[in-house]
Structures are given as structure tokens and as C-alpha cells.
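Letters go in sequence order (proteins before strands), and every chain restarts at 1. None of the values given here were measured: they were computed from a predicted structure.
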2 protein chains.
Amino acid sequence: MSDTGFDAVLGAMADPTRRALLDALAARGQASASALASDLPVSRQAIVKHLAVLEEAGLVSSARAGREVRYTLRSQALDATARWMSALAGDWDRRLDTIKRAAENTENND
Amino acid sequence: MSDTGFDAVLGAMADPTRRALLDALAARGQASASALASDLPVSRQAIVKHLAVLEEAGLVSSARAGREVRYTLRSQALDATARWMSALAGDWDRRLDTIKRAAENTENND
DNA sequence: CTCTTGTGCAACTCTGTGGTTGCAGCTGAG
DNA sequence: CTCAGCTGCAACCACAGAGTTGCACAAGAG
């Protein structure tokens with residue numbers, strides 16, 4: 001229940017460079033690893049690795065275009081994770097509320 | 001804009017042990033580090049470190065109760081991050097749409 | 001055909017950090 | 001007062017992964 005790929009998204013989003021990469025990709029809309037490498041202060045190889053992680057998490061998708069590989073953002077995984085987090089937050093509230101009531105009851109009923 | 005503590009939340013949530021810890025805390029509603037240590041297969045010290053990270057991210061709060069420290073879940077930071085992610089997903093969609101239209105225009109207008 | 005450019009693979013370094021153990025210091029319980 | 005339990009600090013180990021460099025290969029441009 002707590003693992004339909006959300007952990008992959010979380011792990012991917014946790015890295016600053018990766019978020020910057022997503023930003024750069026959002027700005028370009030579509031770009032190759034080499035192009036993105038010129039936006040960030042890291043080597044092309046590092047970019048490639050990050051893109052692999054992001055693709056694994058479903059945050060980007062790749063498509064070969066001639067001799068280069070174009071990467072595109074995929075919002076669905078991000079959106080799904082957002083919903084999951086929101087639901088989790090709600091769950092916490094619910095549980096805490098339940099426990100708080102129980103505590104008050106015990107306190108009163110003892 | 002992309003950094004009001006969201007990165008801290010992301011970083012905190014990215015760790016499996018930390019998520020398990022949050023789960024355990026959700027189940028208990030409130031617990032000390034020692035108590036939580038009995039729920040997870042790691043030492044108390046590891047728990048303490050994780051709790052520190054979680055507190056730094058605003059996901060839990062601590063309160064001294066006599067000789068022990070009680071930790072409680074804080075849903076707001078999680079919820080805020082969820083909203084941020086959702087907004088980001090929307091932003092991606094918007095940008096991609098814009099770029100796609102531009103591309104079609106160029107294609108048509110050339 | 002040749003040159004250029006982008007990709008893919010592999011080996012390697014090094015910092016961050018998750019995890020451990022040990023010990024000292026408080027503080028409530030008896 | 002004394003004991004037990006929980007916290008806090010510090011040193012230390014080990015692995016993951018972020019980043020690099022180097023080279024070989026594929027494919028459009030001239």
C-alpha cells in the first residue's frame with residue numbers, strides 16, 4: 001500500500017540536482033542529455049544517470065530521435081504521488097484524532 | 001519558490017526506515033524514541049537520528065515529558081508538500097502544452 | 001567518404017549518511 | 001538515598017550513490 005512506486009518518486013525527487021534537471025526539462029519541454037548538460041554544472045554522464053533514475057520513477061520518458069534521445073516530463077507519477085501524500089496526511093490526522101479521543105475517554109473514565 | 005522546506009520533506013520521506021518510523025508513530029500516536037526502537041529493527045540511536053531529520057523537516061514534533069521525549073506526527077508539512085507537488089505537476093502539464101502548441105504552430109507556419 | 005556530435009559502457013573516486021557501540025548524565029520511582 | 005530507564009554525545013564503520021574521466025560506437029552533416 002505504501003509502495004506502488006511512490007518510494008521511487010520520493011527518492012528521485014529528493015536529489016537537488018535531479019530537481020534542477022526536471023526544472024531545466026520543464027523549461028525546454030523536451031531535450032537530449034547533452035543539451036541538458038549545458039544547463040547544469042555537471043557532466044553529461046551525471047545527467048544521463050539522473051535521467052535514468054527519473055525515468056525509472058516514471059517522472060520522465062525517453063524517445064530516440066535520430067542519433068539523439070529526447071526526454072520529456074511525465075506529470076502523472078508526480079501527481080499520483082502528490083495524491084498519495086495528501087491521503088497519508090489525512091490518515092495521520094484521522095489516527096491522531098482517534099487516539100486523542102481514546103486518551104480523553106480513558107482520562108475521564110478511569 | 002521550490003524551497004520552503006519541501007526539499008527537507010522530500011529528503012526525509014525518501015528513506016524507507018524513516019517512512020516505517022512514521023508508520024509506527026502513526027500507530028502509536030505518540031511515542032518516545034526508545035518505544036519506537038522496539039518497533040523497528042534498528043538501534044535506538046538510529047531512531048533518534050531519524051527523528052531529528054523528521055523534526056527538521058517538520059514532519060514530527062517533540063515534547064519533553066518527564067525523563068522521556070514524546071514525538072508526535074505533524075501532518076501539515078506533509079500536506080503542504082503534497083499541494084506543492086500537485087501544483088508542480090500542473091505546471092509541467094501547462095508548460096508542455098504551451099510548447100507543444102508552439103511546435104505545431106512552427107510546423108504549420110514554416 | 002570523412003568529420004562531427006551525441007550516445008553508451010565501464011572503471012574509479014569520494015563524500016554523505018544510515019547504522020552501530022560505548023559511555024556519561026538526568027530524572028522519576030521505590 | 002539509591003536504582004533503573006531514557007536521553008544525549010561522540011567516535012567509528014560501511015555501503016550507496018553522485019560525479020568524473022576515458023573510450024568506443026552510431027549516425028546525421030559536409
Protein-nucleotide distance ([X], atom [atom1]; [N], atom [atom2]), rounded to Å:
X       : N      : atom1 : atom2 : result
A:Arg64 : D:dA26 : CZ    : P     : 11 Å
B:Glu56 : C:dG18 : CD    : P     : 13 Å
A:Glu68 : D:dA29 : CD    : P     : 10 Å

Decide yes or no for [X] and [Y]: does some side-chain heavy atom of the first lie under 4.5 Å from some side-chain heavy atom of the second?
X       : Y       : result
B:Val60 : B:Thr72 : no
B:Asp79 : A:Ser86 : yes
B:Asp39 : B:Arg28 : yes
B:Glu55 : B:Tyr71 : yes
B:Arg64 : B:Val69 : yes

Would the base of D:dT7 count as contacting B:Arg67 through its side chain, where contact means a donor and an acceptor less than 3.5 Å apart?
no

Please pick, from D:dT20, C:dG18, D:dT7, the nucleotide with the shortest atom-to-atom distance to any side-chain atom of A:Val42.
D:dT20

Specify the residue among A:Gly66 and A:Arg18 whose closest nucleotide of DNA chain D lies further upstream toward the 5′ end.
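Whichever sits nearer the 5' end wins; that is A:Arg18.
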
Earlier contact from the 5' end, DNA chain D, for A:Asp15 and B:Ser32:
B:Ser32

Hey, is the side chain of B:Ser34 poking within less than 4.0 Å of OP1 or OP2 on D:dG5, counting only N and O atoms?
no

Please give me every residue in residues 43-50 of chain B whose heavy atoms get under 4.0 Å of an atom in DNA chain C, ordered by residue number.
B:Ser43, B:Gln45, B:Ala46, B:Lys49, B:His50

Have a look at A:Asp97 and tell me which of A:Arg95, A:Lys100, A:Arg101 forms a salt bridge (Lys or Arg N to Asp or Glu O under 4.0 Å) with it.
A:Arg101

Answer with base, sugar-phosphate or nothing: what part of the nucleic acid does A:Arg70 contact at a heavy-atom distance below 4.0 Å?
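No contact.
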
